[in-house]
Amino acid sequence: MDTRETTWVPPSVLQRMTEELEALTADPTPSPTRNERVRALRRAIRRAEASEKPDDGLVEPGMLVTVRFGDEEDTTTFLLGSRDLIGVEPTIAVDVYSPTSPLGQALDGAFPGDTVEYTAPSGGVVTVEVVGAEPFRG
């Protein structure tokens with residue numbers, strides 16, 4: 001049984017990774033940099049779970065989440081997903097927060113209007129309001 005954890009990716013990102021892998025493996029010229037990229041892409045593709053997320057406001061991996069920390073007026077927007085995406089898909093132009101991080105775990109399953117708390121690595125308790133969540137389109 002395969003117990004590897006899957007990583008959510010937009011279908012468009014999986015397609016770009018697959019196309020890049022095909023192009024790299026078609027080139028017979030040996031290169032340590034190319035070989036490392038091929039290994040990284042193969043790992044990412046094996047673990048990929050490609051799906052479109054419903055636009056239902058539920059915070060889960062694959063959603064572009066907007067939050068407000070504490071009493072701040074400004075909001076922060078990020079992709080809730082695997083930080084591995086940054087290494088294999090450099091065109092992602094937003095910060096990526098892991099669903100296994102304290103913030104990611106606190107937000108998972110929340111909806112806009114919900115307020116959650118989590119303990120930061122520093123030990124302090126942080127309050128976060130979910131302002132919005134929409135599917136990341138990549």
Side-chain angles (χ1 to χ4, degrees):
M1 182 163 106
D2 189 350
T3 59
R4 280 189 308 251
E5 192 173 315
T6 59
T7 301
W8 173 85
V9 297
S12 60
V13 170
L14 180 59
Q15 181 179 347
R16 285 193 299 267
M17 288 190 308
T18 302
E19 289 168 356
E20 181 182 357
L21 179 61
E22 289 170 358
L24 288 170
T25 55
D27 179 2
T29 309
S31 161
T33 303
R34 182 186 65 81
N35 293 345
E36 182 57 34
R37 182 68 178 157
V38 165
R39 282 192 293 276
L41 285 167
R42 284 183 175 151
R43 271 192 311 271
I45 291 168
R46 272 195 310 271
R47 294 179 56 199
E49 172 200 331
S51 63
E52 295 290 341
K53 295 294 180 178
D55 195 359
D56 59 3
L58 175 67
V59 176
E60 63 180 332
M63 299 297 278
L64 197 59
V65 182
T66 301
V67 298
R68 180 175 293 114
F69 289 96
D71 295 330
E72 294 180 7
E73 289 185 30
D74 293 336
T75 60
T76 301
T77 300
F78 57 88
L79 170 62
L80 187 62
S82 173
R83 295 196 48 84
D84 292 342
L85 285 174
I86 297 168
V88 295
E89 183 51 42
T91 62
I92 294 178
V94 296
D95 289 334
V96 179
Y97 286 36
S98 171
T100 60
S101 69
L103 174 60
Q105 290 178 7
L107 290 172
D108 192 29
F111 285 93
D114 289 351
T115 299
V116 300
E117 291 183 341
Y118 71 96
T119 303
S122 65
V125 175
V126 180
T127 301
V128 182
E129 176 191 356
V130 179
V131 176
E134 62 187 56
F136 179 76
R137 302 290 182 211

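Here the shortest heavy-atom pairing between D95 and Y97 reads CB-CE1, 3.7 Å. Counting all heavy atoms, side chain and backbone alike, L14 lies closest to A50 at CD2-CB, 3.5 Å. The two residues L24 and R34 have their closest heavy-atom pair at O-NH1, 3.0 Å. Nearest heavy-atom pair across G81 and P99 is O-CD, 3.5 Å. Closest non-hydrogen pair, M17 versus A44, comes out as SD-CB, 4.0 Å. Contact record, R42 with T25: NH2-CG2, 3.5 Å, taken as the closest heavy-atom pair.
Remark: side-chain polar atoms of Q105 are paired, donor with acceptor, to backbone N or O of T100 under 3.5 angstrom. With hydrogens and angles ignored, the 3.5 Å screen pairs no side-chain donor or acceptor of R68 with any backbone N or O of V131.
M63 and V116 fall within a single hydrophobic cluster, where Ile, Leu, Val, Met, Phe, Trp and Tyr are joined by side-chain heavy atoms under 4.5 Å apart, directly or via other members. There is a path of hydrophobic side-chain contacts, each under 4.5 Å, that joins V126 to L80. F69 and V59 fall within the same hydrophobic cluster, where Ile, Leu, Val, Met, Phe, Trp and Tyr residues are linked whenever their side-chain heavy atoms come under 4.5 Å apart, directly or through other members. In the hydrophobic clustering of this structure, L64 does not group with L58; members are Ile, Leu, Val, Met, Phe, Trp, Tyr whose side-chain heavy atoms approach within less than 4.5 Å, directly or through other members.
Rounding to the nearest 0.5 Å gives a distance of 11.0 Å between CD of E22 and CG of L41. A distance of 5.0 Å separates OG1 of T115 from CD of E129, quoted to the nearest 0.5 Å.
Contact annotation: the side chain of R37 never approaches that of T33 to less than 4.5 Å [non-hydrogen atoms, C-beta and beyond]. With a 4.5 Å cut-off on side-chain heavy atoms, P112 and T66 do not count as touching.
Taking the charged nitrogens against the carboxylate oxygens, E36 and R39 do have a contact shorter than 4.0 Å, which makes a salt bridge.
No option in V94, V65, V96 other than V65 meets the side chain to side chain contact (heavy atoms under 4.5 Å, CB included) test with F78.
Under a cut-off of 6.0 angstrom, the local environment of CG in D71 is sparse, with at most 12 non-hydrogen atoms contributed by other residues, nucleotides or ligands.
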